[in-house]
Structure formats: structure tokens, C-alpha cells
Undergrad: 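Sending over a structure as C-alpha cells; questions will come in a sec.
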Amino acid sequence: MRAALQRRLLVWFAQHRRSLPWRNSRDPYRIWVSEVMLQQTTTAAVIPYYERFLATFPTVEALAQAEEEDVLRLWQGLGYYRRARHLHAAARTLVQHHGGRLPDDPDLWRSLPGVGRYICAAVLSQAFDRPLPIVEANSLRVLARLYGYRGDPRQGAGQRWVWRAAQALLPTQRVGDFNQALMELGSLVCTPRQPRCAECPWQRWCRARQLGEQERIPPPASRPVPVEVQELAVLIRRGSRWLLCQRPATANRWPRLWEVPHAEIATANDARAQLPEVVRQLTALEVQAGQPLTTLCHSVTRFRIHLHAWSARYLRGTFASSFYTAAVWVTPQELDRFPLSSPQRRLLEKQAAKAVNLKLGET
DNA sequence: AAAGCGGGGCT
DNA sequence: AGCCCAGCTTT
């Protein structure tokens with residue numbers, strides 16, 4: 001049965017595969033770049049970025065020689081900027097310590113920043129046909145449905161199950177094509193909602209379909225419980241600069257006003273000018289000096305997107321002291337939301353440390 | 001084990 | 001509006 005599944009999938013793939021810029025090449029560098037960009041990002045969104053990136057940095061040497069700032073500029077708008085910094089750092093490692101070679105060596109790939117189990121296997125199976133399985137959002141859905149797996153294949157035991165399933169199904173030849181085909185099936189046929197089972201090469205073996213449970217397998221990711229948050233905000237304009245001042249509604253005095261230190265950097269680096277957007281959202285909520293601002297948030301992330309970076313300390317529960325300032329950066333991860341080069345990041349971290357000291361001094 | 005990182009596309 | 005997406009790192 002396994003052989004039949006493999007054969008039918010590969011035949012289907014030969015007929016239905018989309019022509020994408022990173023296919024038709026076995027260059028590990030090109031495949032690698034595509035996998036990094038495609039991480040948590042849809043194909044349509046990636047294509048223009050991918051073509052620009054490869055035109056600018058056609059080889060790993062070109063990427064290694066580039067300034068980090070220029071790499072980030074090309075990445076701007078894709079999000080998850082840590083991916084770009086890792087890609088660039090890994091390119092430099094490969095050039096400096098491995099002669100610019102991208103070999104068929106899983107241990108080497110896994111040692112690179114930003115390369116986990118999936119990207120390692122995706123690159124090596126496509127470039128060298130190395131028999132490594134991959135599990136991502138599409139193949140995960142296909143496998144869970146094929147075997148009618150009832151648990152959550154994204155977590156714990158389910159995760160171990162789905163990687164074993166992918167491993168067991170893997171052919172000994174045309175591994176790259178098979179991995180691609182599995183994802184393509186999930187993307188074109190075995191979709192999250194309203195899967196096109198009539199067009200599926202595996203329909204006769206699909207347990208979920210036999211049970212009529214295609215839409216319920218795998219189970220949807222659970223959403224965080226909404227939490228109501230209250231705080232006060234003041235927005236002050238001084239010429240072309242903006243000051244944002246926030247405090248928890250429970251605090252009884254305002255923090256000293258500090259200029260938001262990353263504002264200028266954010267506007268300078270981000271074409272979509274995040275600061276005016278913050279201003280727009282806040283004014284849309286009619287935030288005036290001293291007015292209460294009530295937000296229903298479904299998750300920390302959602303709230304922080306809403307108000308951008310300045311509410312970090314509040315939601316981390318570290319605002320027990322009687323005041324709170326917007327100017328404090330909390331973790332390096334929070335800096336990942338901006339396309340900041342490593343030196344810029346270090347500067348902000350230093351400023352943040354200073355702000356924390358000031359804060360402690362006043363409490 | 002769980003949180004954190006974004007922006008876009010789709011229903 | 002929700003929900004989802006070719007994941008990885010950090011805590």
C-alpha cells in the first residue's frame with residue numbers, strides 16, 4: 001500500500017505541480033533562501049521578495065559580502081526579521097568556515113542559525129535527494145487526515161507521531177519530489193477547509209474521508225481567552241515628534257515623559273512608517289490626556305500589535321511598581337519586530353538598560 | 001512545553 | 001473578523 005501511495009502521489013504531482021521560482025533548480029542556496037522566506041509565509045507573498053533577493057544576492061558569497069542592513073532592506077515587509085539576520089549570519093559562516101560550500105551534511109546545516117529540522121531536511125532532500133522527511137503545515141494536515149489521527153499533531157505526542165508517519169511514508173528515490181508533492185497536495189487539494197477530496201489521488205485510502213471528518217482533522221488551534229486590559233494613555237506632539245505615555249489604570253501617577261527612543265529608527269527603517277500608524281490608531285480611539293483606554297485582547301500578541309511596542313512591560317506583569325514607561329524595551333525578542341540591524345539592536349538594548357535603571361531609581 | 005516573532009490572503 | 005500560513009529560538 002505504501003508503494004501505491006507513493007506512486008499515485010508522484011503521478012499526481014507531475015501533472016499538477018505549480019511552476020515556482022525556486023523549483024527547477026537543485027542549487028541548495030536557492031532552495032535554502034526559499035525555505036527561509038516561506039517559513040510561516042504564503043507562496044504568493046514570497047515570490048516578489050524571492051526574485052528580488054536572488055537577483056541581488058545570487059550566491060552565498062554575494063550574500064555573505066552584503067551588509068546586514070542591505071539584507072534587511074530587501075526583507076522589509078516580509079516580517080519575522082530574525083529570519084533575515086540568521087540567513088545572513090549563516091551565509092557568512094558558510095563562506096568563512098566552509099569555503100562557501102553547501103554540502104550534503106545534516107549536522108552542518110543544523111548547526112547554522114535559523115536552520116531547524118524542517119529546513120535542513122527540505123534543503124537536503126531537494127538538493128541531494130537525501131532521505132529525510134519533512135513536516136510542515138500542509139503535510140501535517142495531509143498525514144493527519146490520511147491516517148485519521150485524532151489528537152493535535154502540532155503538539156507533544158502528536159508531533160512525534162506525524163514525523164514518524166512522514167518518515168515511514170518516504171520513498172527511497174525521488175525523495176525531494178515526494179516531499180514537495182506532499183506539501184503541494186496539502187496546498188492545492190487537502191486544504192484546511194473544504195478539501196477537494198474528489199480530486200485527491202489518496203482518496204480511497206484516506207481515513208478522515210471514510211469517517212467524513214475531513215473538516216475536523218486536524219483540530220483547530222486553540223485561541224487564547226480574551227482578557228480585558230485597562231490603561232491610560234497620553235499622546236503629545238512636539239513638532240514632528242511624538243511622545244507616547246502610558247500607565248496601568250491602577251497606577252496613581254504618570255511616569256516621566258520620555259521620548260520613545262526607537263520611534264525615529266522605526267520610521268527611518270520602515271517604509272510603512274509605524275509611528276504614524278500608532279498615532280492614527282490611538283487617535284481613532286479618541287485617546288486624550290488622562291482618558292481611560294480599554295482594550296479587549298485575545299492574546300498578548302494581538303494587544304501589542306494594536307498598541308505596538310510600548311505596552312510590553314504592562315502585559316508581562318512586571319508593572320507592579322507604581323509607574324511604567326513606554327521607553328523600556330524588555331527582551332531581545334521584542335526587537336525582532338523591527339528590521340533593525342545588529343548594531344542598531346545593540347544600541348537599543350543599551351538604551352533600554354539605561355531606562356530600566358532610571359525606572360528603578362525612581363520607584 | 002509554551003511563548004514570541006508579522007504581514008498578507010482567504011473565507 | 002477570524003483563521004491560517006514551506007518554523008525556529010528562547011525561556
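Computed from a predicted structure; not experimentally measured.
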Undergrad: Could you tell me the separation between the CH2 atom of Trp32(A) and the C1' atom of dC8(C), rounded to a whole number of Å?
TA: 14 Å
Undergrad: Reckon Ala137(A) touches a base, only the sugar-phosphate, or nothing at all at heavy-atom distances under 4.0 Å?
TA: sugar-phosphate
Undergrad: Please check: side-chain N/O of Trp109(A) versus main-chain N/O of Pro103(A), any donor-acceptor pairing under 3.5 Å?
TA: yes
Undergrad: With a non-hydrogen cut-off below 4.0 angstrom, is Trp22(A) in contact with a base, only sugar-phosphate, or nothing?
TA: base
Undergrad: Look at all strands and tell whether Gln194(A) reaches a base, only sugar-phosphate, or nothing, counting heavy atoms closer than 4.0 Å.
TA: nothing
Undergrad: Map Arg160(A) and Thr42(A) onto DNA chain B by nearest heavy atom, then report which one ends up closer to the 5' terminus.
TA: Arg160(A)
Undergrad: Rounded to whole angstrom units, what separation is found between the CD atom of Glu184(A) and the P atom of dA6(C)?
TA: 10 Å
Undergrad: Determine whether a donor-acceptor pair (N or O, by modelled atom type, separation under 3.5 Å) exists between the side chain of Thr41(A) and the backbone of Gln39(A).
TA: yes
Undergrad: Between dA6(C), dG7(C), dG4(B), which nucleotide gets closest to the side-chain atoms of Asn138(A)?
TA: dA6(C)
Undergrad: Say we look at dA6(C) and dA3(B): how far apart would their P atoms be, to the nearest angstrom?
TA: 23 Å
Undergrad: For DNA chain C, whose closest nucleotide is more 5', that of His86(A) or that of Ser187(A)?
TA: Ser187(A)
Undergrad: What is the nucleic acid contact for Val115(A), judged by heavy atoms within less than 4.0 Å: base, sugar-phosphate only, or nothing?
TA: sugar-phosphate
Undergrad: Remember a base hit wins even if backbone is also touched, and classify Leu78(A) as base, sugar-phosphate or nothing at under 4.0 Å, heavy atoms.
TA: base
Undergrad: Quick check on Gln173(A): does its CD atom have over 12 non-hydrogen neighbours (other residues, nucleotides or ligands) under 6.0 Å away?
TA: no
Undergrad: Touch check for Arg141(A), heavy atoms < 4.0 angstrom, all strands: base, sugar-phosphate only, or nothing?
TA: sugar-phosphate
Undergrad: Could you state the CD-P distance from Gln76(A) to dG8(B), rounded to the nearest angstrom?
TA: 12 Å
Undergrad: Using atom OH of Tyr80(A) as one end and atom P of dC8(C) as the other, report the distance to the nearest whole Å.
TA: 12 Å
Undergrad: Whole-Å distance between dC5(B) C1' and Trp75(A) CH2?
TA: 13 Å
Undergrad: Quick one: is Gln40(A) getting a side-chain N or O under 4.0 Å of the dC8(C) phosphate, OP1 or OP2?
TA: no
Undergrad: From the set dA2(B), dC4(C), dC8(C), return the single nucleotide nearest to any side-chain atom of Pro220(A).
TA: dC4(C)
Undergrad: Counting distance only, does the side-chain N/O of Gln203(A) pair as donor-acceptor with the main-chain N or O of Cys206(A) below 3.5 Å?
TA: no
Undergrad: Name the closest nucleotide to the Leu38(A) side chain, picking from dT9(C), dA6(C), dG2(C).
TA: dA6(C)
Undergrad: Taking only N and O in the side chain of Gln39(A), is any of them less than 4.0 Å away from OP1 or OP2 of dA6(C)?
TA: no
Undergrad: In this structure, how many angstroms lie between the P atom of dA3(B) and the CZ atom of Arg154(A), rounded?
TA: 14 Å
Undergrad: Please determine whether the number of non-hydrogen atoms from other residues, nucleotides or ligands lying under 6.0 Å from atom CZ of Arg164(A) exceeds 12.
TA: no
Undergrad: Go through dC8(C), dA6(C), dC5(C) for me and flag the one nearest to the Leu20(A) side chain.
TA: dA6(C)
Undergrad: Rounded to the nearest angstrom, tell me the gap between atom OH in Tyr49(A) and atom C1' in dG9(B).
TA: 14 Å
Undergrad: Could you pick out which residue, Gln155(A) or Arg83(A), lies toward the 5' side of DNA chain B when each is mapped onto its nearest nucleotide?
TA: Gln155(A)
Undergrad: Answer yes or no: does a side-chain N or O of Tyr81(A) lie under 4.0 Å from OP1 or OP2 of dG7(B)?
TA: yes
Undergrad: Under 3.5 Å, side chain of Arg17(A) to main-chain N/O of Glu184(A), donor-acceptor pair present?
TA: no
Undergrad: Can you check the Tyr118(A) OH to dT9(C) P distance for me, whole Å?
TA: 14 Å
Undergrad: With nearest nucleotide decided by heavy atoms, which residue, Arg23(A) or Arg110(A), maps closer to the 5′ end of DNA chain C?
TA: Arg23(A)
